[in-house]
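Structure first, commentary second.
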Amino acid sequence: MVRPNPAGELDAVALETALLETWKNERTFQQSIDSNRTGAPFIFLEGPPTANGKPGIHHVVARAYKDLVCRWKTMEGFLVERKGGWDTHGLPVEIEVQKRLDLMSNEAIEEFGMQAFNDACRESVWTYESAWREMTERMAYWVDLDNPYVTLHNDYVESCWWALKQMFDKDLLYRGHKVLPYCPQTGTSYSSHEVALGYKEVEEPSVYVKFKLVDDSASILAWTTTPWTLPGNVGLAVGPDVTYARCRVREEPEGWQGRGGASVGEELILAKDLMGEVLRHHVDIIEEIPGSSLVGKSYEPLFQNAVPRGDSTTAWTVLSADWVTTTDGTGVVHTAVMYGEDDYNLGMEVGLPAYHTVSMEGNFVDGVHPELDGRYVKSCDDSVMDILVGQNDSIASGLLYREKSYLHDYPHCWRTDHPLLYYAMDSWFVRMTAVKERLLEFNDGVEWAPDWVGEGRFGEWLRNVKDWAISRERYWGTPLPVWRDEDGNMKCIGSIAELQAEIAKANAAGFENPECPDDVDLHRPVVDAFTLVSNDGKPMHREPFVMDCWFDSGCAPFAQWHHPFDENKTFDASFPVDYICEGVDQTRGWFYTLLAVSTTVFDSPAYKRCLSLGLILDAEGKKMSKSRGNIVDPWDHFNREGADATRWYMVTAGAPWNPLKFDSNGVRETYAKMFLTLWNVYRFHADYAALDAFDPASSTSSYESRSRLDRWILSKLHSTAKAYHEGFTNWSFHKACRELEDFIVNDLSNWYVRRSRRRLWDEAESGDKLACQHTLHEILVTLCRLIAPVSPFMVDTIHRNLTGETVHTAVWPIGTPGSTQGATADAWNEDLVSATQQLPLQDTELEHEMALVRELAETGRRIRIDAQRRQRLPCAEGWIVAGPSLEAYHDLLCEELNVESISVETDLDRFQQVELGVNFRALAPRAKGDVNAIASQIKNHPDQDALLADIRNGSCTIMGVDILESDVEVRRAEREGYAAATITVGEGDDALHVSLVLDMQDTPHLLSKGLARDITRRIQSKRKDMDLEIEAMIDVEVWMTDAPELFEEDRVWISKETRASGIAFAEDQPPADVESFNVDGAQVSYRVKKV
RNA sequence: GCGCGGGUGGCUUAGUCGGUUAGAGCACCCGGCUGAUAACCGGGAGGUCGCAGGUUCAAGUCCUGCCUCGCGCACCA
């Protein structure tokens, strides 16, 4: 037997913190999983956060949506296990540690000791773990944080190694070059994230250089902002569709400054559009040439022998590249293979020689030029220009056309402030281009929310897929498990056992190796120390890279289970996963790497559904980020409005995929409106239920014995719950929750509870009271279950008090498809028809009637304002004109409208008149351009009744168009001069025009009643001020002057309403110390005393 | 530059197949109601629906261009 306790005042924060304790003690989360052991699995995969930053409100949003779906599916009977995860490798960790330990270069790190450095990283990763854990628990994101997967754990790393070996064996892993921003001082290349830290505006010399064609007197002009790359030049790229001009110098220019120049008669080729900007000489255009005709021409290398030709047939020729534009320079792009991404790609494509002219230290290598060899490239700009001018060379005219300073943003090292060099580095790649078709195919099978992220942004990314550069020249990460000998022979190691076997082999071949125990630390520098042996008997050393940390998280679906080393079948049963959910910024991050790894390793998609969340912006619409310092601390709200309100706000503030402007005021509003209202509805029920010792189990109330009001709210609940569930199934959580909130505030609180208040006041048992209590009980229990996935706290308190059980092991009111035989999580949109049987009966006609009644009640208030008649002064009679029969609601309407009686008036014309409107959809096709003129003639016709009669007779023609009955909409409105109003309910053919008319006459009887109500209201308000118990009795004294007569029955009514044991009325002057008020000219004073 | 998504009263937003007077909430003003809360009800003020064209009898809605914000991609030779 469960009897509700009184609810008491709401203290959301206390309620929530108390519940957290209860959940912990009762292991409610575990229970909610265990109770579904036989259910179909619904596989969720947690995207691992990095715990070396403080969690902000934007993390709460993502976790709210993850939690919502998992809780919902759990209530539907699915087995939803949620393993937590931590992303622990990668650059951000290293940067953090480097800053703290002041290790500003790789040299410094190595001096400090790689082991010590990595130990510091390993520790740093957990800096904010407790903050994350506290946030996660406080917001009630249910996830298993006690057994999380951790990307730095040996088991996890071993699974990653295994995956890499799969790729290696399929020839999807290869070694190549990648041009990266590189700092020769620190010896490190940088990720875009780090590069972004160091952009600076600098002014540098740029140069226009003449490339002398072979077998042609002309030179091609090219421009570069990095003169130090010129010795590495091996090609010139032109746009095939760009028009170039061959110009001949006519005369010297005036006011030439700087080095370089050209002689009269010399011929230069450049983009026609850029001549004006580039050339300082007066020239004649000799010929216009399309870029495509220049392709293939050979030119003389600027620096003889700086780069060996090798077997290249395309070196020092003009090449075609469609990315060449005429926005800068000369429309000809100087190409140095190793020092630009485009250059490198073009070079690989057409077979240019790929040799460095610059060392890793940033100096020119020997053999480039006697004046440059061994010097730091950035300090050689002048020397390069001098060499090109040809002071010491035999080429009389020189190769420099012009120098020009150039202002641009250029990346600098965020640690040393030195300019970065784009530099082709040794790098490892996954051959994603080889599986592009499969990627696209798998992506097609994913249910994306919203769909345009999958088709658009993500699809776009996949269609342009490039090979994935997965190696990083760093220390803290999953080491690349490839060993290589001097001839380029390679072995990829896929497990610790394999490593041990290879080490044994190497040792047998005479190499010395440290111990490699079963629990060897799979990190640098430990793994670097192992030397393996090639099949040729040569030593093999590990490629000195760690993996992109995105590779780690991309392995999560299997690495979290230590697949394939873990014998149990967890992985097989949980792949691909049913649901992932992260911010849209993960599109090319985790969303991609999951798919990239699953495609290359398993030839399978990784996830079936992906909810991509919009960014979280601050109140100004700026992205929330650590660097901006505009992160909202979730605890500000957890400690004020509570996690329930915070979560509900996040879900209702907009579609999950839209950017969310986080508005702190919105959380307050949600609290005040949604949760306070819900609590007060609950409180109303619980307080009376406790008073009456109501026990839902030991009494019943049949459907037939419920009032119309009960049946109406039950039916409304049915409709709302169904729509709510449908909203969930098509990802419209925001719409679902807004609708539910509207139900609670509007239908339940403002109408049902308000209308039902008196039913519970009755101290005696009655069937009607019981009906109301059962109804409230049923409504609240169902509501709790519907709300629980979104905001799990308050509803659990309510549910526990009403039913004795937690809401979190309760069933979903719309059905439990997960617990049916043979169910799968794929049946996301199952048929609802049978499932909704679990909801109370639906009666749409009743819903329509009640909607009309409520509108009439509101209409009454409007009429009174127009007629300046206060609400508490009753009217003798009200008439309802037209509309469906509302007999059953007359009592209700009398109370709401404050009228003595309601009658139905069938003579529509007494209060209503016809007004004609135009049905544009019907009339427009025939009337065409005259439709508006016809419409206005119809509307403004002086006798609408007659016009309607004509139309019905078929004898109405306006502007040559026959007006049919279907062309017009007949509306009815109240006639002028009555205290009346007409409302329209429904649409189209079902539209109803109902008028309400109120009798405005006063009688002594009505005036007395009105006065009584005013007095009562004041006394009630006083009772409340005095903080009296509901049952407390009072003594009342009232003094009245200039008041209408107050009849005996109304005096009795006052004392009854206000629980006055004694009430005295006087006509004389009141004492000075009593409260008084004015109503319609009457002076009323009163005094209330507790008995 | 390319792609995706936005731009609707002071703020947050709804707006379906193009259809009559663009709908809410917050805040503001007036009034009412209340043993009902930070609530509720009625009324008011506040909108060139980013701009400009176009299609149409009719455009917040469809088309084109532009401006602007956010995100992503590319580029910065």
Side-chain angles (χ1 to χ4, degrees), chain A residues 9-10 206 222-226 229 237 321 323-325 327-336 339-343 408-411 422 450 452-453 455-461 464 583-585 587-588 614-615 617 619 621-623 653-654 657-659 661 663 665-666 668-669 671-673 675-677 679-681 683-684 735 738 742 745-746 749-751 753-754 757-758 761 857-866 868 870-872 896 898 917-921 923-935 939 969 1016-1017 1019-1021 1023-1024 1028 1030 1057-1059:
Chain A
E9 287 284 337
L10 176 61
S206 70
W223 178 65
T224 180
T225 56
T226 50
T229 60
W323 40 264
V324 175
T325 62
T327 50
D328 294 294
T330 64
V332 181
V333 178
H334 139 66
T335 301
Y339 309 108
E341 194 173 354
D342 274 336
D343 306 44
H408 65 157
D409 285 329
Y410 194 83
Y422 284 89
W452 47 260
V453 167
E455 288 155 19
R457 180 176 295 208
F458 196 59
E460 187 70 16
W461 172 258
N464 299 322
V584 68
D585 50 332
T587 307
R588 71 197 178 88
L615 282 172
L617 313 172
K622 294 273 188 315
K623 182 178 173 172
W657 42 83
N658 280 342
K661 259 194 201 177
D663 179 14
N665 202 38
R668 196 205 66 86
E669 236 175 77
Y671 172 74
K673 231 176 146 160
F675 288 96
L676 263 182
T677 306
W679 184 258
N680 283 301
V681 169
R683 191 178 172 187
F684 169 72
K735 288 186 185 169
R738 283 172 182 170
D742 188 63
V745 172
N746 241 324
S749 174
N750 284 338
W751 192 250
V753 170
R754 184 163 71 78
R757 233 157 242 287
R758 281 169 180 269
W761 288 1
E858 286 169 16
T859 303
R861 267 164 280 202
R862 202 175 330 146
I863 292 171
R864 280 173 180 271
I865 282 165
D866 288 347
Q868 297 192 314
R870 65 196 164 88
Q871 190 69 33
R872 277 186 289 262
E896 284 291 321
N898 196 15
V918 172
N919 180 2
F920 282 84
R921 226 183 274 258
L923 183 60
R926 301 201 317 283
K928 293 284 180 204
D930 295 331
V931 71
N932 286 322
I934 296 174
K939 271 185 207 161
E969 285 171 3
T1016 302
R1017 197 238 136 184
I1019 297 171
Q1020 299 290 41
S1021 159
R1023 282 186 66 118
K1024 200 177 170 189
L1028 294 183
I1030 289 176
E1057 281 291 303
T1058 60
R1059 287 178 164 267

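Chain letters run A, B, ... following the sequence lines, proteins first, then strands; residues in each count from 1.
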Looking only at side-chain atoms of [X], point me to the closest of [options].
X: A/Trp223; options: B/C71, B/C41, B/A77; result: B/A77
X: A/Glu858; options: B/G25, B/C41, B/A77; result: B/C41
X: A/Tyr671; options: B/A77, B/C71, B/A38; result: B/A38

Pick base, sugar-phosphate or nothing for [X], based on heavy-atom distances below 4.0 Å to the nucleic acid.
X: A/Ser749; answer: base
X: A/Leu676; answer: base
X: A/Asp343; answer: nothing
X: A/Trp461; answer: sugar-phosphate
X: A/Val918; answer: base

Measure from [atom1] on [X] to [atom2] on [N] and round the result to the nearest Å.
X: A/Leu615; N: B/G70; atom1: CG; atom2: C1'; answer: 8 Å
X: A/Arg757; N: B/C40; atom1: CZ; atom2: P; answer: 14 Å
X: A/Asn680; N: B/A38; atom1: CG; atom2: P; answer: 9 Å
X: A/Arg683; N: B/A38; atom1: CZ; atom2: C1'; answer: 13 Å
X: A/Tyr422; N: B/C76; atom1: OH; atom2: C1'; answer: 8 Å

Please identify each residue that fulfils side chain to side chain contact (heavy atoms under 4.5 Å, CB included) with [X], with sequence neighbours left out.
X: A/Arg738; value: A/Thr652, A/His734
X: A/Asp343; value: A/Thr335
X: A/Thr226; value: A/Thr224, A/Trp228, A/Thr229
X: A/Asn746; value: A/Asp742, A/Asn750, A/Arg854

Specify the glycosidic conformation (syn or anti) of B/C66, with syn defined as within 90° of 0.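 Because its glycosidic torsion lies more than 90° from 0, B/C66 adopts the anti conformation.
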What's the gap between [N] and [M] when it is taken at their [atom1] atoms, as a whole Å value?
N: B/C33; M: B/A22; atom1: P; result: 32 Å
N: B/C63; M: B/G7; atom1: P; result: 15 Å
N: B/A59; M: B/G19; atom1: C1'; result: 10 Å
N: B/C67; M: B/G25; atom1: P; result: 38 Å
N: B/G23; M: B/U16; atom1: P; result: 14 Å
N: B/U12; M: B/A58; atom1: P; result: 34 Å
N: B/C4; M: B/U21; atom1: P; result: 35 Å
N: B/G10; M: B/G47; atom1: P; result: 7 Å

ring-ring contact (aromatic ring centres under 6.0 Å, His included) with A/Trp679: which residues, sequence neighbours excluded? A/Tyr682
Kindly write out the residues that satisfy ring-ring contact (aromatic ring centres under 6.0 Å, His included) with A/Tyr671, not counting sequence neighbours, or none if the list is empty.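 So A/Tyr671 forms no ring-ring contact (aromatic ring centres under 6.0 Å, His included) with any residue.
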Distances for protein N/O vs nucleotides 12-15 of chain B N/O pairs under 3.5 angstrom?
from, atom 1, to, atom 2, distance (Å)
B/U12, OP1, A/Lys661, NZ, 2.6

Position toward the 5' end of RNA chain B (nearest nucleotide), A/Glu669 or A/Trp751: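 Mapping each residue to its closest nucleotide by heavy atoms, the 5'-most match is A/Glu669.
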Could you pick out which residue, A/Lys673 or A/Val332, lies toward the 5' side of RNA chain B when each is mapped onto its nearest nucleotide?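 The residue closer to the strand's 5' end, by nearest nucleotide, is A/Lys673.
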Please list, chain by chain and in numerical order, all residues satisfying side chain to side chain donor-acceptor pair (under 3.5 Å) with A/Glu341, sequence neighbours excluded. none
Only counting residues at least two apart or in another chain, list the ones meeting side chain to side chain donor-acceptor pair (under 3.5 Å) with A/Ser206.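 With sequence neighbours excluded, A/Ser206 shows a side chain to side chain donor-acceptor pair (under 3.5 Å) to A/Trp223, given in chain and number order.
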The reported gap from OG1 in A/Thr225 to NE2 in A/His334 (rounded to nearest 0.5 angstrom) is 9.0 Å
From A/Thr677 OG1 over to A/Arg683 CZ, what is the distance, rounded to the nearest 0.5 angstrom?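 Answer for the OG1-CZ pair, A/Thr677 versus A/Arg683, is 13.0 Å.
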Strictly below 4.0 Å: does A/Thr677 bring a side-chain N or O up to OP1 or OP2 of B/A39?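 Indeed not, no polar side-chain atom of A/Thr677 lies that close.
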Which protein N or O atoms sit under 3.5 Å from an N or O of nucleotides 56-61 of chain B?
from, atom 1, to, atom 2, distance (Å)
B/C57, O4', A/Lys928, O, 3.1
B/C57, O2', A/Asn932, ND2, 3.2

Taking all atoms of both residues into account, what is the closest heavy-atom pair of A/Thr1016 and A/Glu1057, and its distance?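 Residues A/Thr1016 and A/Glu1057, closest heavy atoms: CG2-CB, 3.7 Å.
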For RNA chain B, produce a single dot-bracket line, 5' to 3'. Pairs: Watson-Crick or G-U wobble, both distances under 3.5 Å. Symbols: ( ) within strand, [ ] crossing, | other strand, . unpaired. (((((((..((((.....[...)))).(((((.......))))).....(((((..]....))))))))))))....
Using a 4.0 Å heavy-atom cut-off, write out nucleotides 28-34 of chain B from 5' to 3' as B (base contacted by protein), S (sugar-phosphate only) or - (no contact). ----SSB
